[in-house]
Peer 1: 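Below is the structure I would like to discuss, written out as structure tokens.
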Amino acid sequence: MRKTTISMLFLLLSIAIVGCGGDKKGTPEAGASEQANTNQEVSVESSIRMDPLPFKTVLGGLQDVSKELAYMTPKEAYKVDENVYKQAFAMGVISADAVMTISSREEDKLKQYTESLIYYSKNVELGDEILKMADEIQTTLSKTDSNKWDELEKLVLKYQHEVENTFYQKGLLDQFTLMQLGGWTEGLNKITGLYLNNWDENGVKIINQQGITNSLINNLNSIRSKKVKELDVYGVSTEGYKHIKELITLTAERKSYTKDEVKQINEITNKILSSL
């Protein structure tokens, strides 16, 4: 049961935050972002991948691991300074934590996460509709109805999807990539940490998600803004995911991982998360 529930958690985070389908072309709107204004020499056509898939069906598998999820999610929401790119990354991290916290039924944590999402949403200027969605999560959280968690689940997942979609549609492709980077890194960090504490040689194979890793590497290579490339998180992530790709593809030959290899992935994601 432990192996199954951990695998379901990993699948939820991977599908919800990144997805792993074919390439799509995105065309940024004129004047939609700082990167469009400061990097005119770059073609507006993008190879950014955006392939969200349905993942509602895997949520049920998380309900019986609430105690484990409780120690996985941080006590405080991920914090960064007033840089809109850093805040996009933070929104991905916090969205991933919110998904896990819903399953662990931790109201105080989810309230704090939502407050942070509202704050960052305002700063990156996503619009009133996104802010209304974040407010609705808090309003629902304050209800005493025991059935509120099903509603919260839908609201948080919808919020995550709509924020990514808004970034993409507005041509804020660097922010879109950074939000995916934050969410995926947090998910991978938590799942490897969980396996290191609850070792399962067969179950840990689930981290062999080459399609997702390739998609994220592709999007990092498509970053345009010089301001993003100057951030430590960009260099750490670019090099870190190259190493992660090498590590996760080891199963093609050996069909398994060692604890040391999983520990390396956990340490790389820790380094990325602490680089802002």
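Everything quoted here is computed from the prediction, not taken from an experiment. Basis for what follows: all heavy atoms, side chains included, without hydrogens, waters or symmetry-related copies. Throughout, numbering of the chain's residues begins at 1 and tracks the sequence.
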Peer 1: State, to 0.1 Å, how close A96 and G183 come at their nearest heavy-atom pair, and which atoms those are.
Peer 2: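 Shortest heavy-atom contact: CB-O, 3.9 Å.
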Peer 1: Say you draw a straight line from OG1 of T177 to OH of Y234; how long is it, rounded to the nearest 0.5 Å?
Peer 2: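 These two atoms lie 10.0 Å from each other.
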Peer 1: Is any side-chain heavy atom of E186 closer than 4.5 Å to a side-chain heavy atom of P74?
Peer 2: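 E186 vs P74: side chains touch.
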Peer 1: For K148, give me all partners under salt bridge (charged side-chain N to carboxylate O under 4.0 Å, His left out), at least two apart in sequence or on another chain.
Peer 2: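 Counting only residues at least two positions away or on another chain, K148 forms a salt bridge (charged side-chain N to carboxylate O under 4.0 Å, His left out) with E107.
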Peer 1: Contact between L273 and F89 at the side-chain level, heavy atoms closer than 4.5 Å - yes or no?
Peer 2: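 Contact flag for L273/F89 side chains = yes.
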Peer 1: If you measure from NZ on K111 to OG on S142, what distance do you get to the nearest 0.5 Å?
Peer 2: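 With rounding to 0.5 Å, NZ (K111) is 9.5 Å from OG (S142).
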Peer 1: How about Y113 and V93: do any of their side-chain heavy atoms sit closer than 4.5 Å?
Peer 2: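 In short, these two side chains do not touch, never coming nearer than 4.5 Å.
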Peer 1: With no hydrogens and no angle check, is any side-chain donor or acceptor of E106 less than 3.5 Å from a backbone partner on T101?
Peer 2: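 Checked: no pair found.
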Peer 1: Please report the shortest heavy-atom distance between I137 and Y159, naming the atom on each side.
Peer 2: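 Heavy atoms only, the tightest pair is CD1-CB, 4.1 Å.
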Peer 1: Looking at CG of L216 and NZ of K245, how far apart are the two atoms once the value is rounded to the nearest 0.5 Å?
Peer 2: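 Those atoms lie 11.5 Å apart.
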Peer 1: What are the two closest heavy atoms between L131 and S121, and how far apart are they?
Peer 2: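 Closest heavy-atom pair between L131 and S121: CD2-CB, 3.6 Å.
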Peer 1: According to side-chain hydrogen bond (donor to acceptor under 3.5 Å, both in side chains), does anything in residues 264-276 pair up with another residue at least two apart or in another chain? List the pairs.
Peer 2: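 Counting only pairs at least two positions apart or across chains, the side-chain hydrogen bond (donor to acceptor under 3.5 Å, both in side chains) contacts touching residues 264-276 are N189-T269, N189-N270, T192-N266, H243-Q264, D260-Q264, N266-N270.
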Peer 1: Starting at CG of L117, measure out to CD of Q87 and round the result to the nearest 0.5 Å.
Peer 2: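 Between atom CG of L117 and atom CD of Q87 there are 11.5 Å.
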Peer 1: Taking salt bridge (charged side-chain N to carboxylate O under 4.0 Å, His left out) as the definition, give me every residue that meets it alongside E76, ordered by chain and number, with sequence neighbours left out.
Peer 2: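 Checked E76 against salt bridge (charged side-chain N to carboxylate O under 4.0 Å, His left out); matches are K79.
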Peer 1: Consider only side-chain heavy atoms of I, L, V, M, F, W and Y, link residues closer than 4.5 Å, and tell whether F167 and I118 are in one cluster.
Peer 2: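 In one cluster: no.
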Peer 1: Does the side chain of N83 come within less than 4.5 Å of L231's, by heavy atoms?
Peer 2: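 A side-chain contact exists here, since the closest heavy-atom pair is under 4.5 Å.
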Peer 1: Is the shortest side-chain heavy-atom distance between L188 and I244 below 4.5 Å?
Peer 2: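 L188 reaches I244 side chain to side chain.
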Peer 1: Quick check: closest heavy atoms across L276 and K86, and the distance to 0.1 Å?
Peer 2: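 Between these two residues, the closest heavy atoms are CD2-CG, 3.5 Å.
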Peer 1: Could you tell me which non-hydrogen atom of V80 sits nearest to which non-hydrogen atom of Y78, and how far apart they are?
Peer 2: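 Looking at all heavy atoms of both residues, the shortest contact is CG1-CE2, 3.6 Å.
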Peer 1: Does any N or O in the side chain of K229 come within less than 3.5 Å of the main-chain N or O of R224, such that one atom is a donor and the other an acceptor?
Peer 2: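 Here the side-chain-to-backbone pair does not exist.
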Peer 1: With a 6.0 Å cut-off (strictly less than), is the heavy-atom count around CG of D145, excluding the residue itself, greater than 12?
Peer 2: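 More than 12 heavy atoms, drawn from other residues, nucleotides or ligands, come within 6.0 Å of this atom.
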Peer 1: Using side-chain contact (heavy atoms from CB on, under 4.5 Å) as the criterion, list what pairs up with T166, not counting sequence neighbours.
Peer 2: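 So T166 forms a side-chain contact (heavy atoms from CB on, under 4.5 Å) with L126, I130, K170.
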Peer 1: I would like to know whether S95 and V156 meet side chain to side chain contact (heavy atoms under 4.5 Å, CB included); could you show each step before the answer?
Peer 2: CA-CA 8 Å; S95 294; V156 170; 5.8 Å; no
Peer 1: Does a side-chain heavy-atom distance below 4.5 Å link F176 with L181?
Peer 2: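 Counting from C-beta outward, F176 and L181 never come under 4.5 Å.
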Peer 1: If only atom types and distance count, is the side chain of E164 paired as donor or acceptor with the main-chain N or O of H161 below 3.5 Å?
Peer 2: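 No, the answer is negative, given that no donor and acceptor are paired below the 3.5 Å cut-off.
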Peer 1: Evaluate the side-chain proximity of M91 to Q175: yes if any heavy-atom separation is below 4.5 Å, no if none is.
Peer 2: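 A side-chain contact is absent here, since even the closest heavy-atom pair is not under 4.5 Å.
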Peer 1: Would a distance-only check, ignoring hydrogens and angles, find a side-chain to backbone donor-acceptor pair under 3.5 Å from T249 to E246?
Peer 2: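 At least one qualifying donor-acceptor pair exists.
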Peer 1: Closest heavy-atom contact between L247 and Y257?
Peer 2: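 For L247 versus Y257, the nearest heavy atoms are O-CE2, 3.1 Å.
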Peer 1: About how many Å separate OG of S222 and CG of L173, when rounded to the nearest 0.5 Å?
Peer 2: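 Answer rounded to 0.5 Å: 9.0 Å.
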Peer 1: To the nearest 0.5 Å, what is the distance between CD1 on I94 and CG on L110?
Peer 2: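 Nearest 0.5 Å value for the CD1-CG distance: 11.5 Å.
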Peer 1: Just so I know, are the side chains of E230 and S225 near enough to count as touching, which here means a heavy-atom distance under 4.5 Å?
Peer 2: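 The answer is no, as the side chains (C-beta and beyond) never meet within the 4.5 Å cut-off.
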Peer 1: In chain order, what residues pass the salt bridge (charged side-chain N to carboxylate O under 4.0 Å, His left out) check against K242, with sequence neighbours excluded?
Peer 2: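 K242 satisfies salt bridge (charged side-chain N to carboxylate O under 4.0 Å, His left out) with E239 once adjacent residues are dropped.
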Peer 1: Could you name each residue pair satisfying side-chain hydrogen bond (donor to acceptor under 3.5 Å, both in side chains) that touches residues 126-140, not counting sequence neighbours?
Peer 2: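 Every candidate side-chain hydrogen bond (donor to acceptor under 3.5 Å, both in side chains) pair involving residues 126-140 fails, so no pair, neighbours aside, qualifies.
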Peer 1: Less than 4.0 angstrom from a charged side-chain N to a carboxylate O is my criterion; do K143 and E151 meet it?
Peer 2: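 Salt bridge: yes.
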